[in-house]
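Every chain is numbered from 1 and lettered A, B, ... according to where its sequence line falls, protein lines coming before strand lines.
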There are 2 protein chains.
Amino acid sequence: MIKVLLAEDQVMVRQGLKAMIEVDEEIEVTGEADNGRQAVVLCEKQLFDVAVLDIRMPEMDGIEAAKVLRSRFPHLKILMLTTFDDNQYVMDALKLGVSGYMLKDGDTESLIRSIKSALKGGLSLQDQVAAKVMPALLENEEKVTIDPTLTPRERAILKCIGEGLSNKEMAERLGLSVGTVKNQTSQILDKLELRDRTQLAIYAIRHRLV
Amino acid sequence: MIKVLLAEDQVMVRQGLKAMIEVDEEIEVTGEADNGRQAVVLCEKQLFDVAVLDIRMPEMDGIEAAKVLRSRFPHLKILMLTTFDDNQYVMDALKLGVSGYMLKDGDTESLIRSIKSALKGGLSLQDQVAAKVMPALLENEEKVTIDPTLTPRERAILKCIGEGLSNKEMAERLGLSVGTVKNQTSQILDKLELRDRTQLAIYAIRHRLV
DNA sequence: TTACAAATATTACTTTAGTCACTTTTTCTT
DNA sequence: AAGAAAAAGTGACTAAAGTAATATTTGTAA
């Protein structure tokens with residue numbers, strides 16, 4: 001029997017969810033909470049397999065509760081259940097390692113499926129949530145092209161600037177005079193239409209040179 | 001009627017999939033291909049709503065095919081269907097913007113659900129696939145804590161530096177005198193044990209302040 | 001070799017950044 | 001309301017960055 005903790009502040013909704021979940025005879029709601037704090041307290045007294053948490057709750061919200069539960073009860077699987085598919089919430093939840101992020105408008109089946117999937121180590125995301133979050137996650141992965149008119153030497157200098165070196169340090173590392181480094185830097189500023197080394201450093205990082 | 005293109009080199013498997021999919025009377029397999037190249041050729045002749053591609057195929061594999069189809073037929077939804085949940089494959093596919101990545105061991109229902117979800121702009125990932133891929137994606141998101149001894153004002157300045165502003169520009173934006181900005185900057189340099197604004201900009205970016 | 005271009009160097013100069021000691025203003029506390 | 005503490009400002013100074021014109025070196029193609 002799968003023991004589920006249901007944390008949701010609106011009693012009506014909670015009753016509804018409970019009924020929905022218990023349609024499946026392998027699952028049983030053995031604990032109910034009005035807010036995050038209560039959920040944590042309950043977990044300290046009872047053993048649950050899965051916690052279903054609403055994001056928006058008084059006193060302690062779902063994200064906070066998830067954070068606490070994660071660290072205190074590592075075996076407990078957590079499902080976030082909410083009406084909002086706010087990107088930031090989803091990201092926060094995923095970072096905490098929850099086993100699912102479901103919208104309340106989903107069908108009964110999918111909630112039951114998610115509960116069972118969570119226990120098998122799965123991660124359930126509703127399709128529309130996944131579609132929204134994925135681009136944001138992949139953003140960090142994109143590669144950017146750097147100005148091709150830069151010579152190898154200039155790239156080297158740009159890279160150094162991106163590491164925060166001073167002209168003197170660069171001159172030493174590259175075996176050049178400080179004057180040359182300055183001149184080169186001016187060249188780069190010209191080509192990239194930037195103003196100072198700080199902007200160059202930003203450019204270098206954003207273009208994955210460092 | 002949803003028109004599906006099925007690309008899968010093993011005839012038996014293809015037949016099976018076709019039968020599975022067509023259980024649903026809203027969906028029809030109106031094209032079949034042995035490999036990626038054929039799939040592309042078919043798409044040039046016929047109109048499809050969804051392309052279901054096996055990853056491993058002779059001549060042109062699913063990833064390659066997806067790449068081509070994506071650019072030539074932007075409206076076409078693509079589902080990758082494979083026996084392997086190799087992380088790299090999944091990532092590659094997601095970067096291409098496919099609408100789903102399904103394992104062949106899934107049930108009929110979920111494939112049909114994914115086809116319909118794809119048309120609504122959803123992104124279907126089987127739970128076990130999502131669970132595997134997510135950690136890799138979140139890695140790039142690692143949260144970095146920024147020095148808590150920084151005051152809000154100092155953070156604001158640090159943020160500006162990370163955007164490449166000069167002292168004068170910052171003074172204007174924040175309604176401060178240039179002198180104050182300089183002093184604050186010195187403070188920040190002190191606290192973070194850095195040397196100049198370039199290093200501050202690097203810090204700001206690396207700590208996701210900008 | 002000459003001639004030319006590219007990379008490097010030198011010098012002199014201007015501007016911006018950064019430090020420091022100290023003052024003024026604002027804000028909060030008791 | 002007095003006084004402490006934080007935030008903002010001033011001015012004078014030094015160091016570093018950035019500009020520009022011009023020179024030196026070096027490789028290489030005519």
Side-chain angles (χ1 to χ4, degrees), chain A residues 59-61 64 143-210, chain B residues 143-210:
Chain A
E59 282 217 61
M60 184 190 256
D61 70 24
E64 261 310 303
K143 34 197 142 199
V144 250
T145 50
I146 97 155
D147 192 314
T149 70
L150 291 185
T151 68
R153 181 109 276 173
E154 286 166 348
R155 277 160 210 260
I157 290 194
L158 184 51
K159 187 161 168 292
C160 288
I161 292 179
E163 291 172 26
L165 300 198
S166 68
N167 288 335
K168 201 168 121 221
E169 288 166 334
M170 267 189 276
E172 277 165 25
R173 180 189 293 188
L174 303 174
L176 297 174
S177 80
V178 174
T180 303
V181 172
K182 286 185 179 185
N183 287 339
Q184 297 265 14
T185 305
S186 288
Q187 278 295 324
I188 305 172
L189 288 172
D190 235 41
K191 288 188 181 173
L192 301 184
E193 295 182 316
L194 295 174
R195 191 179 50 197
D196 53 45
R197 69 201 297 98
T198 304
Q199 297 186 340
L200 287 185
I202 296 169
Y203 180 98
I205 297 180
R206 294 253 180 258
H207 290 72
R208 312 251 187 284
L209 260 169
V210 285
Chain B
K143 41 193 159 191
V144 250
T145 47
I146 98 154
D147 193 313
T149 69
L150 291 185
T151 68
R153 183 103 280 171
E154 287 167 348
R155 278 161 209 258
I157 290 194
L158 185 50
K159 188 162 166 290
C160 288
I161 292 179
E163 291 173 25
L165 300 198
S166 68
N167 287 336
K168 203 170 117 218
E169 289 167 334
M170 266 189 277
E172 278 166 24
R173 181 188 293 188
L174 303 174
L176 297 174
S177 78
V178 174
T180 304
V181 172
K182 285 184 177 185
N183 285 339
Q184 296 266 15
T185 306
S186 289
Q187 278 295 325
I188 305 172
L189 287 172
D190 233 42
K191 288 187 181 174
L192 302 183
E193 295 182 316
L194 296 174
R195 190 180 51 196
D196 53 43
R197 69 198 301 97
T198 304
Q199 297 185 343
L200 287 184
I202 297 170
Y203 180 98
I205 297 180
R206 296 251 181 261
H207 290 72
R208 313 229 187 286
L209 259 170
V210 287

Checklist outcome for this item: Considering only heavy side-chain atoms of B:Leu176, the closest of D:dA8, C:dA9, C:dG18 is D:dA8

Checklist entry - If you take atom types as modelled and just measure distance, does the side chain of B:Asn183 reach the base of D:dT10 with a donor-acceptor pair under 3.5 Å? => result yes

Checklist entry - In terms of side-chain heavy atoms of B:Thr185, which of C:dG18, C:dT10, D:dT19 is nearest? => result C:dG18

Checklist entry - Among C:dT19, D:dT19, D:dG9, which is the nearest nucleotide to the side chain of B:Ser186? => result C:dT19

Checklist entry - Counting only side-chain N and O atoms of A:Arg195, is one of them less than 4.0 Å from OP1 or OP2 of D:dG18? => result no

Checklist entry - Between B:Lys191 (NZ) and C:dG18 (P), how many Å, whole number? => result 17 Å

Next on the checklist: Please determine whether the number of non-hydrogen atoms from other residues, nucleotides or ligands lying under 6.0 Å from atom NZ of B:Lys159 exceeds 12.
Outcome noted: no

Checklist entry - What's the closest nucleotide to the B:Lys182 side chain, out of C:dA17, C:dA7, D:dG18? => result C:dA17

Checklist outcome for this item: In this structure, CZ of B:Arg155 is separated from CG of B:Leu150 (nearest 0.5 Å) by 5.5 Å

Checklist entry - Whole-Å distance between D:dA21 C1' and A:Gln187 CD? => result 14 Å

Checklist entry - Would one find a side-chain N or O of A:Thr180 under 4.0 angstrom from OP1 or OP2 of C:dT8? => result no

Item to check | side chain to side chain contact (heavy atoms under 4.5 Å, CB included) between A:Glu169 and A:Glu163, worked out | outcome: CA-CA 11 Å; A:Glu169 288 166 334; A:Glu163 291 172 26; over 6 Å; no

Checklist entry - Crowded around B:Lys168 NZ? As in, over 12 foreign heavy atoms under 6.0 Å? => result no

Checklist entry - Contacts to DNA chain D from residues 167-174 of chain B, heavy-atom cutoff under 4.0 Å, which residues? => result none

Checklist entry - Between D:dA17 atom P and A:Ile157 atom CD1, what is the distance in whole Å? => result 13 Å

Checklist entry - Which sits closer to the 5' end of DNA chain D, A:Asp190 or B:Gly179, going by the nucleotide each is nearest to? => result B:Gly179

Checklist entry - What nucleotide among C:dT19, D:dA17, D:dT19 has an atom nearest to a side-chain atom of A:Ser166? => result D:dA17

Checklist outcome for this item: Rounded to whole Å, CG of A:Leu194 lies from P of D:dG18 at a distance of 11 Å

Next on the checklist: Strictly below 4.0 Å: does A:Arg153 bring a side-chain N or O up to OP1 or OP2 of C:dA7?
Outcome noted: no

Checklist entry - Taking side chain as C-beta onward, heavy atoms only, is A:Leu158 less than 4.5 Å from A:His207? => result no

Checklist entry - Among A:Leu165, A:Leu189, A:Asn167, which residue meets the side chain to side chain contact (heavy atoms under 4.5 Å, CB included) test with A:Arg197? => result A:Asn167

Item to check | Distance (rounded to the nearest 0.5 Å) between A:Ile188 CD1 and A:Ile157 CD1 | outcome: 5.0 Å

Next on the checklist: Looking at the base of C:dT16, is there any donor atom on it, or on the side chain of B:Asp196, that sits under 3.5 Å from an acceptor on the other one?
Outcome noted: no

Item to check | Short side-chain N/O contact from B:Gln184 to OP1 or OP2 of D:dA7, under 4.0 Å | outcome: no

Item to check | Residue-phosphate contact under 4.0 Å: A:Ser177 side-chain N/O, C:dA9 OP1/OP2 | outcome: yes

